[in-house]
S.K.: 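One structure coming up, written as structure tokens, with questions to follow.
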Amino acid sequence: IRHAPTLRAGLDTMTKFRSLLSDPPSHELIENKDKVTFRCVDLSSEPLAVQRFVGEMLVIGFIRLLRDFSPHARTRWVGFAYPAPTYAEEYVRVLGETVQFEQPFTGVVFDSSLMSLPSPYRDEEVHQALRRIAEQRVLQVRGKLPISWRVREHLVKEGAKPHIDMPVVARALGMSTRSLRRRLASEGKSYRAV
């Protein structure tokens, strides 16, 4: 997110690769004309301690992200769906914002103009490299990583060994040499090329 050109691009990246962070979605981003709402999922069925922990981490993390893009970024509204805890003054100290409790949802509302903020850490090459790695990880998580990638990853893990032959790699991947050759060919690759 930090290496993206703008906050919008960073948040788009976060949304695209959210499955790497958690199985169920933890939040949604709703953009209207002049405001954006970062809304945490409804946790009302969870124990109060869980609601507070998740709400605090998501909201604080999101506001810190906004401030990474602009140290003076301000929110329009910060709210929590649960009652104020005994340490409610800590919310104001940590967030530096007026906080409201017992709200319809836990989240943050901010001006949509902040979405165009350039990242002070933007680096398109790093951002694209990290996106490629994340795309690989998503494929791994979904079990759809191309066999050529799996072979490559195995070879990289094995490091600087002078020669690792195809039967050794096939066994490590749980298949026969013939199956490995056939699957690589279906991707238009050869073991030698990989």
Side-chain angles (χ1 to χ4, degrees), residues 1-124 126-138 140-142:
I1 296 169
R2 286 178 158 193
H3 294 296
T6 63
L7 179 61
R8 174 178 272 100
L11 293 175
D12 288 346
T13 298
M14 183 175 75
T15 299
K16 180 175 180 176
F17 300 113
R18 97 170 47 176
S19 64
L20 296 176
L21 303 173
S22 67
D23 287 331
S26 59
H27 66 277
E28 63 179 333
L29 210 57
I30 306 158
E31 193 169 356
N32 294 325
K33 235 184 318 185
D34 64 336
K35 69 179 182 179
V36 179
T37 303
F38 173 83
R39 183 179 180 137
C40 300
V41 295
D42 180 18
L43 296 169
S44 58
S45 62
E46 297 292 336
L48 186 56
V50 172
Q51 291 178 49
R52 285 183 180 156
F53 177 76
V54 173
E56 289 168 1
M57 292 303 103
L58 289 172
V59 168
I60 290 169
F62 189 77
I63 290 176
R64 290 185 86 186
L65 176 66
L66 283 177
R67 292 189 183 144
D68 278 350
F69 279 77
S70 174
H72 305 292
R74 290 287 166 244
T75 61
R76 288 187 180 186
W77 178 87
V78 178
F80 294 90
Y82 46 82
T86 56
Y87 55 90
E89 68 280 351
E90 284 297 297
Y91 283 71
V92 175
R93 186 185 70 76
V94 170
L95 297 171
E97 305 280 344
T98 303
V99 178
Q100 298 178 25
F101 293 95
E102 298 185 65
Q103 297 300 303
F105 65 91
T106 296
V108 177
V109 176
F110 60 97
D111 290 331
S112 60
S113 62
L114 296 178
M115 295 291 275
S116 299
L117 286 172
S119 172
Y121 310 102
R122 67 185 170 270
D123 185 325
E124 191 58 33
V126 172
H127 186 245
Q128 288 306 319
L130 292 172
R131 283 181 65 94
R132 281 191 297 275
I133 291 168
E135 286 165 355
Q136 275 185 355
R137 296 292 185 255
V138 167
Q140 278 180 320
V141 167
R142 293 183 183 154

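Counting begins at 1 with the first residue of the sequence.
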S.K.: Quick one: does Arg52's side chain have a donor or acceptor within less than 3.5 Å of a partner on Tyr82's backbone?
M.R.: no
S.K.: Please step through salt bridge (Lys or Arg N to Asp or Glu O under 4.0 Å) for the pair Arg93 and Glu90, ending with a clear verdict.
M.R.: CA-CA 5 Å; Arg93 186 185 70 76; Glu90 284 297 297; 2.8 Å; yes
S.K.: Show, in sequence, the C-alpha distance, side-chain angles and deciding distance for Thr13 and Arg131, and conclude whether the side chain to side chain donor-acceptor pair (under 3.5 Å) test is met.
M.R.: CA-CA 8 Å; Thr13 298; Arg131 283 181 65 94; 2.8 Å; yes
S.K.: Please lay out, stage by stage, how Ser44 and Asp42 fare under the test side chain to side chain donor-acceptor pair (under 3.5 Å).
M.R.: CA-CA 6 Å; Ser44 58; Asp42 180 18; 2.9 Å; yes
S.K.: So, taking the atom named CZ in Phe38 and the one named OG1 in Thr75, what distance separates them when rounded to the nearest 0.5 Å?
M.R.: 12.5 Å
S.K.: Can you name the nearest heavy-atom pair linking Arg39 to Pro104, along with the distance?
M.R.: NH2-O, 4.3 Å
S.K.: Taking CZ in Arg64 as the centre, count heavy atoms belonging to other residues, nucleotides or ligands within less than 6.0 Å. Is the count above 12?
M.R.: no
S.K.: Does the side chain of Ser26 come within less than 4.5 Å of Leu58's, by heavy atoms?
M.R.: yes
S.K.: Side chains of Ile63 and Val108: closer than 4.5 Å at any heavy-atom pair?
M.R.: yes
S.K.: Check each of Lys35, Arg74, Arg76 against Asp111 using the side chain to side chain donor-acceptor pair (under 3.5 Å) test, and report the only one that passes.
M.R.: Arg76
S.K.: Side-chain contact test, heavy atoms from C-beta onward, threshold under 4.5 Å: evaluate it for Thr37 versus Phe105 and give yes or no.
M.R.: yes
S.K.: Looking at Phe101, I want to see if its CZ is surrounded by more than 12 non-hydrogen atoms of other residues, nucleotides or ligands under 6.0 Å.
M.R.: yes
S.K.: Hey, is the main chain of His3 close enough, under 3.5 Å, to the side chain of Ser119 for a donor-acceptor pair?
M.R.: no
S.K.: So, using side-chain contact (heavy atoms from CB on, under 4.5 Å) as the criterion, who are the partners of Pro5 when residues are at least two apart?
M.R.: Ala9, Glu124, His127
S.K.: Do Trp77 and Gln103 have side chains that get closer than 4.5 Å, going by heavy atoms?
M.R.: yes
S.K.: Quick one: does Phe69's side chain get under 4.5 Å of Ile1's, heavy atoms only?
M.R.: yes
S.K.: Between Ser112 (side chain) and Lys33 (backbone), is there a donor-acceptor pair under 3.5 Å?
M.R.: yes
S.K.: Do the ring planes of Tyr91 and Phe80 sit parallel (below 30°), tilted (30 to 60°) or perpendicular (above 60°)?
M.R.: perpendicular
S.K.: Which pair of heavy atoms, one from Cys40 and one from Val59, lies closest together, and at what distance?
M.R.: SG-CG2, 4.3 Å
S.K.: For the residue pair Phe53 and Leu43, establish whether any side-chain heavy-atom pair is separated by less than 4.5 Å.
M.R.: no
S.K.: Do Pro85 and Leu48 touch side chain to side chain, with heavy atoms closer than 4.5 Å?
M.R.: no
S.K.: I need the Asp12 CG to Thr6 OG1 distance, nearest 0.5 Å.
M.R.: 7.5 Å
S.K.: Before giving the answer on side chain to side chain contact (heavy atoms under 4.5 Å, CB included), spell out for Phe62 and Leu11 the whole-Å C-alpha distance, their side-chain angles and the decisive distance to 0.1 Å.
M.R.: CA-CA 10 Å; Phe62 189 77; Leu11 293 175; 3.9 Å; yes
S.K.: Write down the atom of Arg67, the atom of Leu95, and the distance for their closest heavy-atom approach.
M.R.: NH2-O, 2.9 Å
S.K.: As an exercise, state the distance from CG of Leu66 to CG of Leu117, rounded to the nearest 0.5 Å.
M.R.: 8.0 Å
